[in-house]
Amino acid sequence: MSYCPNTSGEQQEMLDAIGVKSIADLFETIPQHLRAESFNLPQGMSEFEMLDRMRTVAEKNTKGLLHFIGGGAYDHIIPTAVDHLANRSEFYTAYTPYQPECSQGTLQALFEYQSAICRLTGMEVSNASLYDGGTALAEAALMAIRITGKNRLLVDGSVNPFHRRVMATYLANLDVDIITILPADTSADRNAFLAAVDDQCAALILQTPNFFGTIEDLSDLSTLAHSKGALLIASTYPIALGLINTPAAMGADIATGDGQCLGNPLSFGGPAFGFIATIKKYIRNLPGRIIGETVDKENRRGFVLTLQAREQHIKRHKATSNICSNQSLCALRGLIFLSLLGREGLVDLARLNRDKSEYAKELLSGINGVSLQSTGETFNEFVIRLPKPADEIVKRLLSRGIAAGIPLGEYYGGMDNSLLVTVTEKRSRAEIERLAGKIELELNSFQF
Amino acid sequence: MSYCPNTSGEQQEMLDAIGVKSIADLFETIPQHLRAESFNLPQGMSEFEMLDRMRTVAEKNTKGLLHFIGGGAYDHIIPTAVDHLANRSEFYTAYTPYQPECSQGTLQALFEYQSAICRLTGMEVSNASLYDGGTALAEAALMAIRITGKNRLLVDGSVNPFHRRVMATYLANLDVDIITILPADTSADRNAFLAAVDDQCAALILQTPNFFGTIEDLSDLSTLAHSKGALLIASTYPIALGLINTPAAMGADIATGDGQCLGNPLSFGGPAFGFIATIKKYIRNLPGRIIGETVDKENRRGFVLTLQAREQHIKRHKATSNICSNQSLCALRGLIFLSLLGREGLVDLARLNRDKSEYAKELLSGINGVSLQSTGETFNEFVIRLPKPADEIVKRLLSRGIAAGIPLGEYYGGMDNSLLVTVTEKRSRAEIERLAGKIELELNSFQF
Amino acid sequence: MQLIYEQSVAGRRGVRLPSSDVPVATPLSASLCRIESAPLPEMSELDIVRHFTRLSRRNFSVDTNFYPLGSCTMKYNVKALETAAALLAPFHPVTPLLPGGEAHAQGCLGMLYDLGKSLAEITGMDEVTTQPLAGAHGEMTGMLIVAAYHKAKGSKKKYVIVPDSSHGTNPASAAMVGYEIITIPTAPYGDMDLELFKAALNDETAAVMMTCPNTLGLFNPHIKEICDLAHEVDALVYYDGANLNAIMGKVRPGDVGFDVIHVNLHKTFGTPHGSGGPGSGPVGVKKELVPFLPAPRIVKTAKGSFAIEFENPQSVGRTANFFGNFGVMAKAWAYILMLGKEGLTEVSEQAVLNANYIMSQLKNDYELPYDQTCMHECVFSASRQLENDVHAIDIAKYLIDKGYHPPTVYFPLIVKEAIMIEPTETESKATLDEFIKVMKEAALMAKTNPELLRQAPVTMPISRLDETKAAREQNVCCPV
Amino acid sequence: MQLIYEQSVAGRRGVRLPSSDVPVATPLSASLCRIESAPLPEMSELDIVRHFTRLSRRNFSVDTNFYPLGSCTMKYNVKALETAAALLAPFHPVTPLLPGGEAHAQGCLGMLYDLGKSLAEITGMDEVTTQPLAGAHGEMTGMLIVAAYHKAKGSKKKYVIVPDSSHGTNPASAAMVGYEIITIPTAPYGDMDLELFKAALNDETAAVMMTCPNTLGLFNPHIKEICDLAHEVDALVYYDGANLNAIMGKVRPGDVGFDVIHVNLHKTFGTPHGSGGPGSGPVGVKKELVPFLPAPRIVKTAKGSFAIEFENPQSVGRTANFFGNFGVMAKAWAYILMLGKEGLTEVSEQAVLNANYIMSQLKNDYELPYDQTCMHECVFSASRQLENDVHAIDIAKYLIDKGYHPPTVYFPLIVKEAIMIEPTETESKATLDEFIKVMKEAALMAKTNPELLRQAPVTMPISRLDETKAAREQNVCCPV
Ligand SMILES: Cc1ncc(COP(=O)(O)O)c(C=O)c1O
Ligand SMILES: Cc1ncc(COP(=O)(O)O)c(C=O)c1O
């Protein structure tokens with residue numbers, strides 16, 4: 001079943017107008033020996049049958065798992081109005097705004113998005129979005145390499161390992177030297193950075209709150225970076241920025257991160273968006289689309305894609321990045337989310353996350369045999385050390401409907417008993433207490 | 001928590017501008033002794049907490065019941081695009097289109113709705129919707145009384161009893177004589193009508209397919225009505241009109257019915273809409289809003305509320321009805337539904353209903369001890385006679401997740417063992433077979 | 001724009017149906033079949049989507065424009081309410097009517113019960129039916145209850161008194177129930193003329209229908225006296241609570257002495273108007289009228305579950321197919337949950353503040369026939385502009401060109417060239433200030449360039465329409 | 001329109017948060033805190049809703065306008081696909097990464113697996129990764145695979161060959177992976193110059209990136225020869241399948257000899273463009289390249305369940321946070337389910353029919369540099385109009401005034417004043433005919449009133465913008 005509208009009568013009229021006998025004639029330009037050897041797909045179905053199938057897919061997942069997992073994808077509230085507005089079909093069925101006169105809606109919204117990212121991070125300029133947090137980190141690294149003309153990166157091991165892996169993939173075939181600095185406990189190891197940094201460094205790459213949830217003051221590291229002619233790339237978590245210091249205030253040259261938490265559903269990992277922001281002098285090194293303000297012939301304000309000479313459709317292989325489609329609609333969701341929360345709302349939301357997380361921290365670290373492993377102050381995630389391997393506990397709790405956290409052994413040597421627990425504003429006190437109760441129970445009944 | 005936007009600073013500016021000290025001053029016109037004695041309501045909550053509550057409400061109903069019930073509310077497919085389009089906020093947050101220049105969207109859509117109802121029923125004119133099927137039937141009766149100046153109604157007992165009860169309520173205080181003609185088996189009793197009709201009759205009121213699912217040819221009854229100066233009011237089921245003869249072709253003067261089946265969810269009974277259509281000469285007797293075509297100063301086509309002199313806001317107690325707000329948005333859904341199905345689609349849908357229902361009819365009437373009670377041909381509902389009281393069977397199947405039908409004993413004397421079974425296109429063969437199997441099982445294990 | 005029928009192409013298909021898994025039935029007898037299939041549009045889903053999306057863009061709406069339409073309470077309703085109501089879309093109304101069925105619909109029944117209780121508390125009544133489908137339907141239900149009450153007492157009553165400022169549905173609803181209407185003029189002080197009312201009131205008066213604040217936006221200080229006088233002749237007093245936006249937490253009609261009230265959920269309680277409906281018009285009554293409420297009623301059992309009471313010999317009967325406009329009520333319930341006690345009170349306070357602010361800022365520019373503190377709305381007259389042959393309608397049309405939905409004009413009928421403004425509590429001062437500026441411009445324009453107002457609107461897809469032609473030609477259906 | 005920041009009022013609140021049920025934590029150390037809260041908008045939900053609703057109305061979109069934008073496949077996607085994808089919104093991507101977690105995400109994993117299989121069948125490849133987040137990301141992933149393949153073989157390859165008609169992302173993606181680019185011009189017959197290609201190809205060629213049909217809408221009859229020649233020097237051949245709309249069921253790149261392909265789900269497969277994204281760019285490879293696919297991969301176990309394969313030493317690694325743009329893939333999967341074998345074939349047939357129809361109707365009015373049967377799109381040149389100093393851009397802007405989104409202009413770069421038209425299969429003849437009429441009008445207007453074209457558009461909220469000013473001033477952020 002296709003959704004092609006033309007009736008066979010109309011098709012015949014069109015064939016006549018073209019001057020061919022049949023549709024097959026139009027495919028004559030494809031040599032016979034190149035024709036498809038197989039096309040084994042099922043028969044089509046109506047939307048009703050398709051939706052039934054989709055419901056079946058949904059049911060094959062466990063519904064209603066209690067999430068105490070984050071690791072870069074967060075279960076936050078999404079105000080209803082985000083959906084209502086982003087689902088305006090003039091937004092989601094439009095193309096990239098290459099024709100500004102009939103795309104001012106998207107262009108102004110993305111300009112406002114860029115402004116929101118700047119206001120959130122304290123940076124001066126932002127692009128109109130990247131794919132996700134991991135690819136944004138990679139683009140930030142490439143940008144630093146372009147700006148400095150150097151090729152060594154010092155990466156804190158407490159930067160999200162999923163993001164670090166994406167960066168490593170991006171850089172694998174380039175002449176770039178990635179040095180991972182192992183964290184000291186759950187914070188960046190200042191001494192190790194001091195020891196490793198040199199004039200060949202393009203950038204120091206850190207994250208705050210880091211993968212362990214620890215909030216870092218990066219001011220000393222930006223000073224260190226700048227003293228060696230390197231940049232500081234700070235990856236961050238937008239919701240935390242309701243409370244914690246901005247990358248700009250700590251001296252970062254590039255701020256980056258994942259925007260899923262801003263009004264985008266978990267959706268099994270995508271789509272959401274990555275953001276990247278920098279200081280004005282580096283604007284021509286930004287990857288991807290940028291919206292700029294200008295005026296029309298009557299001097300009315302308008303918005304337009306600008307500095308396109310950085311991009312692939314103009315510069316081809318000399319572009320700052322290959323990115324073309326970005327995550328516009330998700331960035332729009334981010335903007336709407338931030339607008340609905342508003343200035344005070346974001347602060348309140350950040351506080352609520354921290355309050356819930358601190359409550360959980362106290363409860364969990366009070367369990368017999370469990371200790372708090374996070375050093376420093378944390379935002380909405382923290383690490384506890386269990387008396388037993390974390391993956392076994394997680395496995396058991398999962399079968400009871402609780403995703404209790406991310407066992408860290410998989411990502412960090414010597415952390416087999418460590419569990420990264422995430423507590424967003426959506427977790428109720430009762431749910432937190434249930435988690436604590438279940439962990440205690442499992443530990444008590446643990447059989448090796 | 002209210003959603004009032006103004007800050008306390010702004011409120012003060014406004015109070016100053018008005019020249020009062022406080023908001024309380026503005027309420028001074030209300031004498032103290034008339035102030036509210038109590039206002040015991042809970043504290044407010046955020047949308048997130050509210051939605052949790054709403055989910056709890058939904059969970060307190062049994063989810064996923066298998067519906068073989070109809071009786072005026074039908075479980076039909078609703079193409080996804082209906083929601084997407086009717087949820088355009090320019091439709092659902094607009095008011096009644098009293099200002100035509102900025103309401104052409106609604107006005108044209110409702111004009112198209114009126115046209116759809118006319119094309120469906122064969123009638124010449126339609127209003128822009130009424131509340132529901134029951135109130136539409138009552139309005140049709142009132143209309144016939146106005147037109148004929150007579151006050152007796154002959155109502156077929158196989159007209160939907162819910163609708164008949166609403167009509168009785170509407171007419172209770174007026175000088176109107178309602179005579180119910182008991183059906184012969186499951187069809188209108190022609191002889192009884194012949195015997196009862198006289199010059200005092202304002203209208204004969206029938207339904208096709210009737211409450212028992214039986215499709216009636218009303219031609220003879222319209223001839224009978226007209227011979228006595230009475231009107232024929234035909235209530236009908238829009239989906240069935242994909243297949244069955246139109247009220248107009250059978251000589252009806254007024255066609256009416258419930259539009260829920262046209263793209264409106266069951267929603268525990270509302271909102272949906274009622275429709276009413278008639279022949280051109282009775283247009284001034286129609287209740288409710290009517291949209292008419294006209295032109296503007298530049299001779300461009302436009303649409304406007306017309307013949308408003310029939311309505312309460314002009315005529316007050318002399319209006320054709322008290323109706324003001326109708327069910328615009330639901331009528332819009334009906335129009336979108338009919339447009340998406342389209343000419344051939346509605347025929348196919350009607351066929352599919354009948355095919356499924358016929359399959360179920362054969363299967364159920366083949367069960368040992370069960371017989372088909374419906375006489376004549378049926379659409380998507382039919383009556384079977386069980387060897388035991390129907391309500392006991394229904395009760396048992398309900399606890400097994402199947403709403404097997406409507407026991408008729410409640411509505412018709414002597415039909416305690418009769419069950420009205422509805423089978424729409426949404427019921428699969430497997431589900432129908434499951435129903436048959438369960439009924440058989442219950443009958444075999446029945447204990448008195 | 002073309003009509004959808006004009007875009008139809010024979011044979012084009014839109015949505016496809018599920019395939020059939022049962023045998024094809026023997027065809028229906030020819031005598032029962034329609035001769036020709038209904039000439040519905042034949043279009044692709046794309047063309048249908050474009051058609052209705054484009055149509056939608058030819059509307060003003062609250063989400064796109066300030067809509068200060070008096071007596072209509074075009075407030076903004078948070079989107080969460082729409083999402084909330086959609087959660088309850090799949091439930092069948094017949095389920096609880098089946099034997100043992102109530103147990104399967106406890107959520108829906110409980111919500112209706114709870115909504116009734118909340119509305120009773122808000123209005124000060126003893127019990128509420130949620131069955132009526134709109135305001136006018138609530139009024140009619142109320143009048144049916146009035147009639148049943150008098151009938152039960154054996155009293156023969158003939159008249160219903162309404163002030164001339166009342167909404168048209170009031171006399172129309174009373175007439176639907178067979179009453180004769182006595183209309184009382186408004187006195188110069190803006191309320192129903194008390195002396196004329198007293199003169200009209202007698203033993204044959206079945207009810208008095210009041211709106212308070214009335215459609216001039218004024219609270220009648222004699223309202224209690226009116227109730228008392230009516231009760232002396234055993235007339236019931238009906239409160240048109242279509243618009244409760246001014247009084248929540250401030251006054252309860254039940255406390256004042258009213259016997260019956262209806263409430264428009266689609267005005268005060270969280271439901272957008274849907275281009276003219278659906279609405280919902282629950283009716284509240286005092287204890288002595290409870291037996292007459294429509295059937296079936298939802299009651300709470302001793303065990304705390306919810307049941308349907310079918311048997312009620314004195315009931316006026318069923319007024320709607322099933323349980324009323326349930327989906328609308330779901331929004332109202334959610335709205336009351338979200339706002340809560342303080343929120344609802346604040347709604348009324350801010351609605352009144354906004355209305356008085358507009359009134360104060362425009363009274364130098366427009367005639368204010370009743371210059372008193374108003375409640376949630378205020379009524380101006382374009383009588384000064386009339387000197388330049390500019391009518392209320394011209395000002396209305398000018399506002400359209402400026403992106404504002406016009407206020408209600410020519411209602412209430414008792415004010416010449418009425419301009420009735422209800423800003424609602426959801427609008428911000430910035431929006432009100434912009435609107436005030438444009439209204440002042442219009443007043444100035446009436447002096448300096450009246451023709452511009454008379455030609456308005458010029459920015460819409462159409463200009464003013466020939467309404468006489470529409471009424472004369474009665475083209476209400478696209479010919480096949 | 002005001003910026004959202006310009007509407008902000010200090011202290012105004014939008015959405016409220018849930019109340020807290022835990023104690024307030026000790027405050028964060030001052031040194032970790034931000035000094036001033038982020039100056040985000042302070043607005044009511046109403047004002048935010050109005051802002052974005054109004055903004056939306058300043059866009060053209062498929063749902064409101066015909067959008068014959070070449071190379072972009074702006075087809076209509078049925079609304080059911082949006083609804084379908086929303087059903088899968090709540091699932092957490094970390095769940096299957098937890099120990100024992102795969103069992104809790106069988107639905108999502110299974111869907112991804114099945115989508116990969118379907119795409120493999122459609123393209124004739126052996127295996128597909130669904131991880132890449134857009135077309136360009138797919139290209140880069142493909143180039144990473146190419147690099148990994150050559151590395152595994154120990155071959156040192158330096159160059160990637162692309163025709164000059166290729167999309168800019170092709171050379172850019174190859175460059176991201178460290179390759180040097182060799183660009184081959186297009187021959188007068190509309191395809192890559194075969195002789196120049198042969199001359200450029202050598203042992204250091206890592207890959208050849210082809211688009212077929214190319215961006216002129218032409219199918220290259222020598223495509224197999226090109227693949228064979230490349231293979232002779234152990235260069236891999238990459239197929240830019242951003243747009244499969246012309247060839248489904250007709251040609252499979254895998255059968256032809258291509259080694260790697262990416263597909264833009266957001267073009268051919270049921271996902272609207274979202275104003276520029278999100279997309280999804282799955283990559284298909286031949287058997288010998290499977291070991292290099294990104295990790296983690298989703299595999300089917302012997303028992304029929306779905307598992308995540310983390311260990312894969314030769315893999316290029318992870319290219320996205322988690323599983324790619326899952327929500328986009330859900331639409332693609334649903335689309336393939338709905339259309340099925342026949343439906344997808346019909347899509348290509350009708351897309352080609354529509355394009356050829358437009359081409360046939362406009363070739364008297366516009367220069368057609370490559371006058372051959374086209375596939376899903378056709379490329380005109382405004383060279384004739386240039387005689388009257390009318391450029392492709394002027395015709396584009398005139399179309400805006402007539403309610404059409406312009407075709408792609410000035411791409412492909414190899415056609416002077418290019419006008420690239422892709423009608424897609426979802427548009428009806430009636431729409432095409434109206435568009436053809438307007439295009440003919442534009443051609444006529446270029447002769448009779450060229451100034452009107454140069455001044456267009458005049459019906460939009462803004463006229464042509466000063467792009468130089470934007471680039472010079474770099475105002476990309478609203479100042480606080
Ligand atoms: C004061 C008043 N009473 C009654 C009504 C009638 O309400 P409805 O339109 O819901 O029937 C309205 C609404 O227009 C009104 O404003
Ligand atoms: C031929 C071709 N290749 C590649 C791309 C890049 O795809 P994306 O924008 O998804 O990165 C596009 C889309 O613009 C294209 O048309």
Side-chain angles (χ1 to χ4, degrees), chain B residues 2 4-5 10 14 18 36 41 43-44 47 54 57 60-62 69 79 85 88-90 93-94 96 101-102 104-106 115 118 131-132 134 165 169 173 265 267-271 292-294 296 302 306 312-313 316-317 319 322 324-329 339-340 343 358-359 391 395 429, chain C residues 14-15 21-22 25 40 52 55-56 58-63 80 84 89 91 93-94 99-100 104 106-108 133-134 136 168 171-173 175 178 181 252 272 274-279 317-318 321-322 325-327 340-341 343 346 350 357 360 428-429 460 462-463 465 469-470 475 477-478:
Chain B
S2 87
C4 302
E10 287 173 316
M14 291 163 79
I18 296 167
L41 291 169
Q43 287 259 301
E47 64 173 90
M54 202 49 109
V57 169
K60 281 186 185 146
N61 301 315
T62 305
I69 47 180
L85 293 170
R88 293 277 307 173
S89 58
E90 292 96 329
T93 74
T96 309
E101 298 88 348
C102 57
Q104 283 298 303
T106 294
S115 305
C118 290
Y131 300 134
D132 68 6
R165 287 179 192 181
T169 304
N173 296 281
S267 190
F268 210 59
E293 184 182 321
T294 184
D296 74 356
T306 195
Q312 49 72 31
H313 61 288
R316 300 179 68 86
H317 59 279
N322 68 332
C324 177
S325 290
N326 56 20
Q327 309 277 123
S328 247
L329 194 67
S339 305
L340 287 164
R343 183 173 195 147
E358 291 296 306
Y359 181 71
D391 55 4
K395 199 173 186 171
R429 180 183 194 132
Chain C
V15 159
D21 54 2
V22 296
L40 296 171
F52 287 105
L55 274 186
S56 77
R58 298 185 150 218
N59 267 4
F60 277 14
S61 66
V62 170
D63 277 15
F91 300 106
V94 171
H104 297 276
Q106 286 296 300
C108 290
L133 299 156
S173 298
I181 308 304
R252 304 194 313 164
S275 303
R318 187 182 277 277
N321 282 358
F322 298 108
N325 279 337
F326 180 83
K341 178 190 173 81
E346 204 185 314
Q350 298 291 323
Y357 179 65
S360 74
S428 64
K429 180 167 177 295
M460 294 288 109
I462 52 155
S463 61
L465 291 169
K469 179 183 160 82
N475 288 333
C477 165
C478 169

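Atom set for the values below is all heavy atoms of this structure, side chains included, hydrogens, waters and symmetry mates excluded. What you see is a predicted model, and the numbers here were worked out from it, not measured in a lab.
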Which atoms of C:Ile462 come close to chain B, meaning under 4.5 Å heavy atom to heavy atom: side chain ones, backbone ones, both, or neither?
-> both
B:Leu85 portion near chain C, given a 4.5 angstrom heavy-atom threshold | side chain
Judged by atom type as modelled, is there a donor-acceptor pair below 3.5 Å linking the side chain of B:Thr93 to the main-chain atoms of C:Asp63?
-> yes
Heavy-atom check, side chain of C:Phe52 versus side chain of B:Ser339, under 4.5 Å = yes
Is there a donor-acceptor pair closer than 3.5 Å between any side-chain N or O of B:Asn322 and the backbone N or O of C:Ala172?
-> no
Counterpart residues, ring-ring contact (aromatic ring centres under 6.0 Å, His included), relative to B:His313 (two or more places apart) = B:Tyr98
B:Asn61 side, atom CG; C:Phe91 side, atom CZ - distance, nearest 0.5 Å = 4.0 Å
Within a radius of less than 6.0 Å around NZ of C:Lys429, do more than 12 heavy atoms belonging to other residues, nucleotides or ligands occur?
-> yes
Sequence neighbours excluded, the answer for side chain to side chain donor-acceptor pair (under 3.5 Å) partners of B:Glu101 is C:Lys397
Bottom line for B:Arg165: the part with an atom under 4.5 Å from chain C's heavy atoms is both
Hey, could you give me the CG/CG distance between C:Asn325 and B:Asp132, rounded to the nearest 0.5 Å?
-> 7.5 Å
Any side-chain heavy-atom pair of C:Lys341 and B:Gln43 under 4.5 Å | no
Let me know if B:Glu293 has heavy atoms under 4.5 Å from chain C in its side chain, its backbone, both or neither.
-> both
Which portion of C:Ser360 sits near chain B, non-hydrogen atoms under 4.5 angstrom = side chain
When the 4.5 angstrom heavy-atom criterion is applied to B:Tyr359 and chain C, the contacting part is side chain
Taking the side chain from B:Arg429 and the backbone from C:Asp21, do they hold a donor-acceptor pair closer than 3.5 Å?
-> yes
Check whether any side-chain heavy atom of B:Gln104 lies under 4.5 Å from a side-chain heavy atom of C:Leu465, and answer yes or no.
-> yes
Do any N or O atoms from the side chain of C:Asn59 and from the backbone of B:Glu90 form a donor-acceptor pair under 3.5 angstrom?
-> yes
Side chain, backbone, both or neither: which part of B:Thr306 has a non-hydrogen atom closer than 4.5 Å to chain C?
-> side chain
Any donor and acceptor pair, going by atom type alone, linking the side chain of B:Ser115 with main-chain N or O of C:Cys477 inside 3.5 Å?
-> no
Would you check if there is a donor-acceptor pair between the side chains of C:Ser275 and B:Ser328 at a distance under 3.5 Å?
-> no
Please confirm whether the backbone N or O of B:Gly134 pairs with a side-chain atom of C:Asn321, one donor and one acceptor, at under 3.5 Å?
-> yes
